[in-house]
Amino acid sequence: MEFRGLRQTIIVSFLTFCCLSGNLTTDIEKKNYDVNLISVKDQVHVGVILDMGSREGKIVLSCISMALSDFYHLYNNYSTRVVLYSTDSKGEPLPALSAALGLLENMKVEAIIGAQTRAEANLLAELGEAAKLPVMSLSPPQTDNKYPFFVEIMRANQAAEVKGISALIEVFKWRDVILLYENKEYERDFIPSLVNSFQEITHGSVAYKSFNIASSSSNEEVIEELQKLMKLKIKVFVVHVSHFLAPCLFLSAHKLGMMSEGYSWIMTSTSMNSLHSMDLSVIESMQGVLGFRSSIPASMSLHSLTSRLRRKFYLEDPNMEEIRELSVDEIWAYDATWALAEAVERARLRNSITRSSKGVVLLGEILQSRFKGLSGEIQYLNGKLISSEPFEIVNVIGKGEIKRIGLWPCKEEGQTRKESPQQLLIHNRRKLASTIDLERIIWPGGSKRELSTSETVKLRIGVPVRLGFKELVRVDHNLDTNTTHVTGFSIEVFKAAVGALPYEVQYEFIPFEDGNGNPAGTYNDLVYQVYLKKFDAVVGDVTITANRSQYVDFTIPYTDLGVGTLVQNNGKENMWIFFKPLSIPLWIASAAFFIVTGFVVWVFEHPTNENFQGTPGKQIGTVLWFAFSTLVFTYTEKLSNNLAKFVVIIWVFVVLILTSSYTATLASMMTVKQIQLNARGNSIGYQSGSLGVIVNLNFSGIKPYRSAEEYSRALLEGSKHGGVSAIIDEVSYIKIFLAKYHADYSMIKTKSITNGFAFVFPKGSKLVHDVSRQIEFLRQEEKLIEMEKTWLHEKRTLISDADISNSDPNTIDLYDLRGLFLISAASLAIALFLFIVLSLRFRNLIRGLMQLIGRRLQRSRMFLSNCILKLWQKLN
């Protein structure tokens, strides 16, 4: 058969299970219903795989049987009949697989209904693909693989449920929650969406994610995990577990006192849909739990089905707990069976005219089903039951009673409209508030008040008392009314950030001052008050430092990072300043190379180029014109000699570098005054109380100042008259200074050695994350820039360049560009050498010289021979 290949791949696991269970056979029970089967021409065998030992499994099987009974009672003229064969999965995946293989092998089933867990669904989905067999499951598979023969008969809309849970959390202003879910199995899709929704829409945070327990965990393991969660001091839980784990979880939580007043529990539809199938003791332990569950419209048919099942189970087992209400899984199984019976009839008609596989035809008919069932509109789009009915928001109020307190729609109104997270938050909150009755909620412990773990935060905020630069923080005392007013840029940013939080924060500003209104200590002393718990926070121009971060937490900075150098602009400049960018030797060398290059080009072009010929005066003018026109690249003479072109190319490159360097240096000289911060005789100023900035930059001869007025006075006097040549301070302070004295001073941004200003909170404070997030929003929306312009009066007169080096621009010397002139000289020498070697006149000259040297050597040899002969004669 087609499924034998799959069976061989899993036979090892199956045999292992069978050896452990000691039973290699599967009990298959044929289920009959009150319909005469004698006249039936065609029977279709369908397998049902459920946990028959559970109350839920028994009720689901009865719903399936009654669905067939009701269907064929209404359509008794149909020629097909579905015959059920039920088997027990024992709530485990391997027995479920064993049962499916037995049904395929022995009963030749053409479809399977069941799979109450994800593990079972995953195995049956694989089996359905191998055997081309439709599998109608009550649970989705564990993986994201596509299974064409797998049909999910339960209704799930995770996106809508996630938004509903986020809106519910936002309504009660819960800032921190704990997600409790079953192993990694449930994290694949639902949990990431829920976390993102918390962060983007509610501005809340998931303080902890617990996934260490499963339906197979013992009571001791569940209690141990809950005890860990109790130590976190967070009492809001979002629970996403199966209905198999939920009873043990809540019984253990009740035992530990976690279902008492002060706690809050929200359950997802995964387990809430099966709440009615749980024992009464479990439901009573869940008093105060809120949850989402799929809604089922009330109808006479549903009421009739419930009554018949209640009577049936009472007759079979009087001791069994009474069926109070059918779960949605049981109703979905009823509707799915109805859809299957109808699809079987249509499939038999089609099989008579097509050669396609029975499984393929039956699957197609199931997916085309569309009718009004007990749970609403039934349609399996892409193998999933479409969501049409809203979610119910229910409250467990004790004594087994579950009360609906609101609705959450599955279909969003205006889904094509794009909304920002803030707009979506307001829309969701308004939508939820209009459908939910908050006053009817019974919380754990029997409390009826609205619960919020985020109690109103009251902060004692310390603020520095400044003697200068009061644009950042200004403290004014009104003696008549005995009130204190705190204003400034830092205060405005803090108010805007806190005001945008999704919860209320109350605070009061307390100046850090002594009895005379003077600062009570340094900024380090002020920050340390938070560590001593005398202040709950500090707001002001407090710089983030590594030392302070050891005992307090900072938000992200709300100002620019780094320090700047404040200098006085040049008031009087030499009229010959344009000569200063280059040194005198460099000017001379440049002029000489212009002339030499022009002469060499003339040498190359003169023999053949008419533009370089003529009277001596004309030729000299041409040489000078051509040489200096390369400075602006405007020469018009065409070159014909390749050596000349080579020389000009190299020289144009040298000229480009030379002019670029000249332009950059001249621009710097005309903008910022030349100072050498480390030279003798120059003093550097800094703001009193921020000596660390100067120490980090290794400056000597430093002087402290307190205000912008003192800065201006010191710069005007200069180092020679008791002032300073420059002032080093953080960028924010320099911006305030330039707003007042923008015409006479400029700033160069030198180094990012400071981390900017931030707000101070105690270690571990949740406000650090929340306020930092709001500062990010203020910066993205450019509100921070608007407040800065308002309070700091920013002017467009500062020079800000993060790449400026530590030393200021200096005159360029010949030594700095010696490499360029060396390249140019080498090119001239090489070109002249090649020109001489390749010249015809040169070759003739060399030939003549060699002939002349040969004649001279011949004469010398003859003269020497005569001299030797005469000497020999005399000796003889």
Side-chain angles (χ1 to χ4, degrees), residues 1-4 25-50 52 57-58 60-89 96 98-115 124 127-128 130-138 149-151 153 312 333-369 371 373 378 380:
M1 296 179 67
E2 296 179 355
F3 60 89
R4 290 187 183 274
T25 62
T26 302
D27 294 332
I28 302 176
E29 181 182 355
K30 183 176 179 180
K31 302 297 294 184
N32 295 320
Y33 35 87
D34 298 332
V35 176
N36 186 10
L37 298 179
I38 298 177
S39 62
V40 173
K41 297 180 180 179
D42 195 357
Q43 294 184 3
V44 177
H45 296 181
V46 173
V48 180
I49 303 175
L50 298 168
M52 300 304 179
K58 295 176 181 177
V60 170
L61 180 59
S62 297
C63 286
I64 294 174
S65 298
M66 285 194 175
L68 290 177
S69 178
D70 295 343
F71 181 84
Y72 290 120
H73 182 77
L74 182 63
Y75 301 104
N76 56 11
N77 60 327
Y78 278 10
S79 61
T80 58
R81 291 295 185 269
V82 172
V83 179
L84 298 178
Y85 292 91
S86 62
T87 57
D88 187 4
S89 69
S98 171
L101 291 172
L103 289 170
L104 282 170
E105 187 79 28
N106 302 320
M107 299 297 122
K108 306 297 187 286
V109 296
E110 298 182 27
I112 291 177
I113 303 176
L124 294 184
L127 181 62
K132 305 300 180 184
L133 179 82
V135 176
M136 306 184 75
S137 172
L138 287 164
F149 284 86
F150 190 82
V151 181
I153 63 175
K312 175 181 181 297
Y334 181 94
D335 288 339
T337 306
W338 193 283
L340 176 62
E342 192 174 84
V344 164
E345 180 70 17
R346 295 197 305 268
R348 283 299 181 264
L349 296 176
R350 180 166 295 186
N351 283 333
S352 63
I353 58 175
T354 181
R355 296 182 180 179
S356 302
S357 169
K358 291 183 179 180
V360 174
V361 175
L362 180 57
L363 174 67
E365 294 300 331
I366 293 174
L367 298 180
Q368 291 180 7
S369 300
F371 61 93
I378 301 299
Y380 301 104

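Keep in mind that this is a model prediction, so the values were computed, not measured.
Here the closest heavy-atom approach between residue Y380 and residue I153 is recorded as CE2-CA, 3.9 Å. The two residues M66 and K312 have their closest heavy-atom pair at CE-CD, 3.8 Å. Scanning all heavy atoms of the two residues, the minimum distance from A341 to Y72 falls at CB-OH, 3.9 Å. Nearest heavy-atom pair, W338 versus A67, reported as atom, atom and distance to 0.1 Å: CE3-O, 3.8 Å. Nearest heavy-atom pair across M52 and G57 is SD-O, 4.5 Å. When every heavy atom of A96 is checked against every heavy atom of L124, the shortest pair comes out as O-CD2, 4.1 Å.
Residues I49 and I112 are in side-chain contact: their nearest non-hydrogen atoms beyond the backbone lie under 4.5 Å apart. Put simply, the side chain of L103 does not reach to within 4.5 Å of the side chain of V48, judged on heavy atoms. Under the 4.5 Å side-chain criterion, counting only non-hydrogen atoms from C-beta, I64 is not in contact with V46. With a 4.5 Å cut-off on side-chain heavy atoms, V82 and F71 do not count as touching. Side-chain contact check for S79 versus D42: every heavy-atom pair is 4.5 Å or farther apart. A heavy-atom distance below 4.5 Å is found between the side chains of S65 and L84. At a threshold of 4.5 Å between non-hydrogen side-chain atoms, the residues V44 and V83 do not count as touching. Side-chain contact check for I113 versus T337: some heavy-atom pair is nearer than 4.5 Å.
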Discussion item. Let's go through V151 and V135 carefully: what are the C-alpha distance in whole Å and the side-chain angles of both, what is the deciding distance for side chain to side chain contact (heavy atoms under 4.5 Å, CB included) to 0.1 Å, and is it a yes or a no?
Written reply: CA-CA 6 Å; V151 181; V135 176; over 6 Å; no
Q: Dump the intermediate steps for side-chain hydrogen bond (donor to acceptor under 3.5 Å, both in side chains) on Y85 and N106, then the final yes or no.
A: CA-CA 11 Å; Y85 292 91; N106 302 320; over 6 Å; no
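Between the CG atom of L362 and the CD1 atom of I366 there is a distance of 4.0 Å, given to the nearest 0.5 Å. Between atom OH of residue Y334 and atom CG of residue L68 there is a gap of 9.5 Å, rounded to the nearest 0.5 Å. Atom CG of L61 and atom CG of L50 lie 6.0 Å apart (nearest 0.5 Å). Atoms CE and CZ, from M136 and F150 in turn, are 11.0 Å apart once rounded to the nearest 0.5 Å.
With R348 as the partner, the salt bridge (Lys or Arg N to Asp or Glu O under 4.0 Å) test is satisfied by one option alone out of E365, E342, E110: E110.
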